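Just below is one structure, and these are the notes that go with it.
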Amino acid sequence: EVAPVYNPVTHQVAVYHEYGSRVYWAYSNDHGASWSGNTEVSGIGAISAAPSAVYYQPSGGAYDTLLAVRDSSGNGKVFGVKNGAVVSTVLSFGSLQGRPYLMDDQGSDGSDYIYLIYASSGKVAPDNKEYTPLTRKMDKSTAIWDPYIYQNVKLPPDLPDGDTGYYWY
């Protein structure tokens, strides 16, 4: 699974992917005509699920990509990345199942957030089910993550623990 990112400032296309339990990246500065890199992103270490990434450059430009991973211990992290290297750990969010996903709403409804969507590894109230889909959001104007974790999807009451399915929200 790949995590493509387009940087509208530099017009660079970057593709992040898992290889050998590590995050690698390749990039193109000519709209995909030629590619460079395919090297390990430094500063992450071993992961246990494919990464997800979005373009985001905070004021000051320390980094230009947010990269979410599930590390080798099963814990979630969001890193600020620039030029294939971790600049900072932006968020650590505990144990999760599977791949985390980042999504930029691009201010479509007047808001301007980046969302982190992931599945819990433990039981979550009020459903008391494992693998509950959870969402956190970051206000792009402040680069601050909302401390509240949203459960946007109520799982069916007859769904056994550990079952997975598709839920639209």
Side-chain angles (χ1 to χ4, degrees), residues 1-19 21-32 35-71 74-120 133-153 166-169:
E1 298 175 61
V2 298
V5 175
Y6 175 70
N7 183 324
V9 175
T10 64
H11 303 290
Q12 182 180 80
V13 178
V15 178
Y16 297 86
H17 64 97
E18 183 271 335
Y19 177 75
S21 298
R22 303 286 180 162
V23 178
Y24 279 72
W25 82 300
Y27 62 92
S28 173
N29 291 319
D30 56 12
H31 304 285
W35 290 87
S36 299
N38 206 27
T39 57
E40 184 177 347
V41 175
S42 64
I44 294 178
I47 62 169
S48 56
S52 180
V54 294
Y55 169 79
Y56 173 69
Q57 188 163 351
S59 177
Y63 54 86
D64 58 16
T65 301
L66 291 177
L67 185 74
V69 301
R70 179 179 172 223
D71 69 16
N75 293 311
K77 293 184 175 142
V78 178
F79 296 104
V81 174
K82 187 165 189 159
N83 297 325
V86 169
V87 174
S88 64
T89 302
V90 177
L91 179 69
S92 294
F93 56 98
S95 182
L96 71 149
Q97 285 295 322
R99 178 185 190 184
Y101 290 90
L102 290 169
M103 182 193 76
D104 184 343
D105 76 358
Q106 301 181 346
S108 60
D109 64 355
S111 65
D112 208 8
Y113 294 102
I114 290 182
Y115 293 89
L116 169 67
I117 304 166
Y118 62 100
S120 69
L134 302 173
T135 302
R136 289 192 67 176
K137 66 182 180 178
M138 182 194 78
D139 185 323
K140 288 172 32 181
S141 67
T142 63
I144 295 174
W145 288 89
D146 187 334
Y148 186 75
I149 300 170
Y150 299 88
Q151 182 183 349
N152 291 343
V153 178
Y166 296 94
Y167 303 96
W168 303 92
Y169 58 99

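Numbering starts at 1 and runs along the sequence shown. Remember, it's a predicted structure, so these values are computed and weren't measured experimentally.
- Of the inter-residue distances, the one linking M138 atom CE with W145 atom CH2 reads 6.0 Å to the nearest 0.5 angstrom.
- To the nearest 0.5 angstrom, Y101 atom OH is 12.0 Å from L116 atom CG.
- Separation of atoms OH (Y148) and NZ (K137) is listed at 11.0 Å; rounding is to 0.5 Å.
- Y63 has its side chain out of reach of V86: every pair of non-hydrogen atoms, C-beta onward, lies at least 4.5 Å apart.
- Going from atom OG1 of T39 over to atom OH of Y27 covers 7.5 Å, rounded to the nearest 0.5 Å.
- Of the possible donor and acceptor atoms, none in the side chain of T65 sits under 3.5 Å from a partner among the backbone N and O of K82.
- Side-chain contact check for Q97 versus Y118: every heavy-atom pair is 4.5 Å or farther apart.
- L66 has its side chain within reach of V90: a pair of non-hydrogen atoms, C-beta onward, lies under 4.5 Å apart.
- Residue Q12 forms a side chain to side chain contact (heavy atoms under 4.5 Å, CB included) with just one option from D30, N29, V5, and that option is N29.
- Under a 4.0 Å N-O distance rule, the pair K140/D105 does not qualify as a salt bridge.
- Of the inter-residue distances, the one linking L67 atom CG with L102 atom CG reads 7.5 Å to the nearest 0.5 angstrom.
- Remark: D112 CG to D104 CG distance equals 6.5 Å, nearest 0.5 Å.
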